[in-house]
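Okay, structure first, notes after.
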Amino acid sequence: MPVDYRRNNGPESSVSYHLNTSTYLQSYEEKLKIVLQEDSRKDGRKLTDSRKIFIKSGIVGKAKGAAYIELGATKVIVSVFDPREIPKQSKYSIHGELFCDFKYSPFACLHRKSQQTDNEEKSLAQALKRALEPAICRHEFPNFQVDIFANVLEDDGSALAAAITASGLAVADAGIPMFDILTATNAGIIGNQILLDPTRQEEELCLSTCSPNDHGIITVARMSTHEQISEIWQSGCIQMKTLQEAIDCLVEANRSVAPIIQQTLIERVTKFIEKKPDSS
């Protein structure tokens, strides 16, 4: 693997101390009893409760638009840059293109991430792109490309949903025309239980092959005003009935997130207007 000599690289084999704790080494059944206690979860939330959201726009000075989101302990920052000509494009493109990059910081996960983009990050970048394309007026910048970079600073579950929500806010902050604001939420499936906004530990249980029943993760991106779903990203083994119930639950969760994004945009525009000098 190539080495970047411009930075101090940590050892590739380093792992978090959490991997050696007694809780992490427990069996699937023991972890399940700790995480799920009847109708409540380890952090005290009910199955249908989301974590508190903190989101702020315009935090990267060199970017055209940016957003930072905290979803519990999950932290994601997104930067959007000015449209530029599509590289290596020989023919005219009526619709503009989106270049999405999804990257985990080396310290974001329990297992240290490499500087090279892996297959998981490429898959999440494609999901991010598919979620954003229906919400952006790409016909407004033909033959141009908008670059969107999502960086996960800390992953405690629901990283893709947080990145999609922050990306929608960052694109609007950049002044790029959009059909609607974009939000995303996700849920974990363990048997017949739907865990809204799962943590990293809950996601590991949902993706575990030790579960004899339905198990997996579902992420839904939705445009609130048009009431349209722009992307459904699913992993695991889930029956159609359970999938439909989870999607209905996620649609309701997206409705509760949309006012937060709208209020953030209003505050951003209000500050911009107040700082703008009076031309008269």
Side-chain angles (χ1 to χ4, degrees), residues 53-71 75-89 92-103 124-153 159-185 221-231 254-255 257-280:
I53 298 177
F54 170 81
I55 191 165
K56 188 176 182 180
S57 60
I59 61 170
V60 180
K62 295 183 178 180
K64 181 68 174 179
Y68 171 77
I69 185 172
E70 288 185 6
L71 193 60
K75 302 176 179 64
V76 182
I77 186 169
V78 178
S79 302
V80 178
F81 294 88
D82 288 313
R84 61 187 177 93
E85 290 189 11
I86 301 176
K88 300 179 181 179
Q89 181 77 6
Y92 183 79
S93 177
I94 299 178
H95 294 92
E97 296 291 335
L98 299 180
F99 172 79
C100 296
D101 181 75
F102 190 101
K103 186 65 180 173
L124 294 174
Q126 289 299 317
L128 176 62
K129 180 180 179 180
R130 290 194 301 267
L132 288 169
E133 281 182 339
I136 298 176
C137 304
R138 294 189 294 132
H139 61 278
E140 294 288 345
F141 48 94
N143 217 44
F144 278 78
Q145 173 180 292
V146 173
D147 297 330
I148 302 170
F149 297 90
N151 184 21
V152 180
L153 302 177
L160 177 59
I164 293 174
T165 302
S167 297
L169 178 60
V171 171
D173 181 59
I176 297 173
M178 298 181 68
F179 293 107
D180 201 349
I181 63 172
L182 186 68
T183 60
T185 53
R222 182 177 181 271
M223 295 182 286
S224 62
T225 304
H226 289 78
E227 296 186 353
Q228 294 180 353
I229 294 176
S230 62
E231 171 67 4
N254 273 294
R255 288 196 178 102
V257 177
I260 301 175
I261 306 301
Q262 292 172 344
Q263 183 63 32
T264 304
L265 286 173
I266 292 173
E267 293 175 357
R268 177 67 170 165
V269 174
T270 302
K271 289 181 180 179
F272 177 78
I273 295 174
E274 292 175 351
K275 290 181 180 179
K276 189 175 181 180
D278 191 358
S279 57
S280 60

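This one's a predicted model, so the numbers in the text were calculated from it and none came from an experiment. Count residues from 1 along the sequence.
- Taken from CD1 in Ile266 to CD1 in Ile261, the straight-line distance is 11.5 Å, to the nearest 0.5 Å.
- Across every non-hydrogen atom of His226 and Asp180, the tightest pair is N-OD2, 2.9 Å.
- In this structure, Leu124 CG and Leu160 CG are separated by 5.5 Å, a value rounded to the nearest 0.5 Å.
- Counting all heavy atoms, side chain and backbone alike, Ala63 lies closest to Ser79 at CB-CB, 4.0 Å.
- Counting only distance, with no hydrogens or angles, the side chain of Asp173 and the backbone of Ser57 share no donor-acceptor pair below 3.5 Å.
- Within 6.0 Å of atom NZ in Lys129, more than 12 heavy atoms from other residues, nucleotides or ligands are found, so the atom counts as buried in its surroundings.
- Atom CD of Glu70 sits about 11.0 Å away from atom CD1 of Ile77, to the nearest 0.5 Å.
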**OP:** Evaluate the side chain to side chain contact (heavy atoms under 4.5 Å, CB included) criterion for residues Arg268 and Lys56: first the C-alpha distance (whole Å), next the side-chain angles of each, then the deciding distance (0.1 Å), finally the verdict.
**Re:** CA-CA 9 Å; Arg268 177 67 170 165; Lys56 188 176 182 180; over 6 Å; no
**OP:** Output, in order, the C-alpha distance, side-chain angles, deciding distance and verdict of side chain to side chain contact (heavy atoms under 4.5 Å, CB included) for Ser224 and Thr183.
**Re:** CA-CA 8 Å; Ser224 62; Thr183 60; 5.6 Å; no
Identify all side-chain donor-acceptor contacts of residues 132-144 below 3.5 Å with residues at least two apart in sequence or on another chain.
from: Arg138; atom 1: NH1; to: Gly96; atom 2: O; distance (Å): 3.0
from: Asn143; atom 1: OD1; to: Ser93; atom 2: N; distance (Å): 3.2

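- Between the CZ atom in Phe102 and the CD atom in Gln126 there is a gap of 13.0 Å [rounded to 0.5 Å].
- Across all non-hydrogen atoms, the minimal contact from Ile148 to Ser167 is CG2-OG, 4.1 Å.
- No donor-acceptor pair under 3.5 Å is formed between the side chain of Asp147 and the backbone N or O of Phe81.
- Considering OG1 of Thr264 and CG of Leu169, their distance stands at 6.0 Å, rounded to 0.5 Å.
- From Leu182, atom CG reaches atom OG1 of Thr165 across 7.0 Å, with rounding to the nearest 0.5 Å.
- The environment of NZ in Lys64 is sparse: at most 12 heavy-atom neighbours from other residues, nucleotides or ligands sit within 6.0 Å.
- Nearest heavy-atom pair across Ala150 and Leu128 is CB-CD2, 4.1 Å.
- With Val257 as the partner, the side chain to side chain contact (heavy atoms under 4.5 Å, CB included) test is satisfied by one option alone out of Ile53, Ile181, Ile55: Ile53.
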